[in-house]
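Some notes on the structure that comes next.
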Amino acid sequence: MANDQRIKVQFYISPETREQDELIQEYLEDSKERPSSLAREAMLAACALKEIDPRLVSTIAAMYRRGTQGEFIAKLISSFASWEATSDTQLKEGAANMAVPRTAAASPPPAELPQTKAVKTTPADTKAETDKPVSAAVKKNFSPL
């Protein structure tokens, strides 16, 4: 989307029928920010989480309930991560590099940061992944939307 056209993104929540939507409504009511700003931030966070694994956003959305602890969400995210944890120094260096505006020519990432491997999936891989048994923790916390 290189041009300067704006795109309107709109969705409805149903707090009377969905627990997650009730949590969204409470968050919006408690926040001092405009709903459009919060929605934009949520979409950007979803884009970032999809960089870890495309299934992560829908998994978090499906499993998030009232009383879900941040530690559970952090463990869920780390269970999708396929690289080793980085040190605080590496994270700070990475954040410092992110503050620099991007140019047309992409520069290589610093050598200290972990490199992620491109994973190519085939329909057979996807089928094998969906045939795996679901853990008890996932069954306990998951309910269809």
Side-chain angles (χ1 to χ4, degrees), residues 1-15 17-28 31 33-88 90-145:
M1 296 178 16
N3 56 17
D4 289 340
Q5 292 180 345
R6 295 183 342 164
I7 296 175
K8 183 175 185 176
V9 177
Q10 183 175 343
F11 63 94
Y12 296 95
I13 60 172
S14 302
T17 59
R18 293 187 179 142
E19 182 182 1
Q20 288 99 341
D21 288 3
E22 185 179 339
L23 295 170
I24 293 169
Q25 181 181 20
E26 290 172 8
Y27 183 75
L28 290 171
S31 177
E33 291 188 57
R34 294 177 36 193
S36 59
S37 296
L38 294 171
R40 182 177 180 280
E41 290 171 359
M43 295 293 283
L44 287 170
C47 291
L49 289 170
K50 282 190 177 276
E51 290 295 320
I52 296 172
D53 189 298
R55 302 168 295 169
L56 188 53
V57 175
S58 58
T59 302
I60 291 172
M63 297 184 76
Y64 186 72
R65 298 281 183 271
R66 185 177 311 285
T68 301
Q69 300 295 315
E71 181 181 359
F72 174 78
I73 299 297
K75 286 181 181 179
L76 181 63
I77 293 169
S78 69
S79 73
F80 278 81
S82 61
W83 60 85
E84 293 180 22
T86 59
S87 69
D88 288 341
Q90 290 171 325
L91 290 173
K92 289 176 184 174
E93 290 171 359
N97 290 331
M98 288 174 53
V100 177
R102 290 188 175 190
T103 61
S107 59
E112 299 86 30
L113 294 178
Q115 299 294 318
T116 58
K117 295 179 182 176
V119 178
K120 294 182 181 177
T121 58
T122 64
D125 294 336
T126 305
K127 176 71 173 139
E129 186 68 30
T130 58
D131 289 342
K132 289 184 180 177
V134 177
S135 73
V138 171
K139 286 180 183 177
K140 177 184 171 192
N141 289 302
F142 179 79
S143 70
L145 296 177

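The two residues T68 and M63 come nearest to each other via the heavy atoms OG1-O, 4.0 Å. What you find for F80 and T59 is that their closest heavy atoms are CZ-OG1, 3.8 Å.
Salt bridge R40/E33: absent, no basic N to carboxylate O contact under 4.0 Å. Salt-bridge check for E71 with K75: passed, with a basic side-chain N closer than 4.0 Å to an acidic carboxylate O.
S31 places no side-chain N or O within donor-acceptor distance of the main-chain N or O of L28, the cut-off being under 3.5 Å. In this structure, the side chain of Q69 engages the main chain of G67 through a donor-acceptor pair within 3.5 Å. Using a distance-only test at 3.5 Å, with no hydrogens or angles considered, a donor-acceptor pair links the side chain of D21 to the main chain of S14.
For the pair Y64/E19, no side-chain contact is recorded, criterion being any heavy-atom separation below 4.5 Å from C-beta on. Between R18 and I13, every side-chain heavy-atom pair lies at or beyond the 4.5 Å cut-off.
In this structure, the separation between CD on E41 and CE on M43 is 13.0 Å, given to the nearest 0.5 Å. A distance of 11.0 Å separates CD1 of I73 from OG of S78, quoted to the nearest 0.5 Å.
Under a cut-off of 6.0 angstrom, the local environment of CZ in R66 is crowded, with over 12 non-hydrogen atoms contributed by other residues, nucleotides or ligands.
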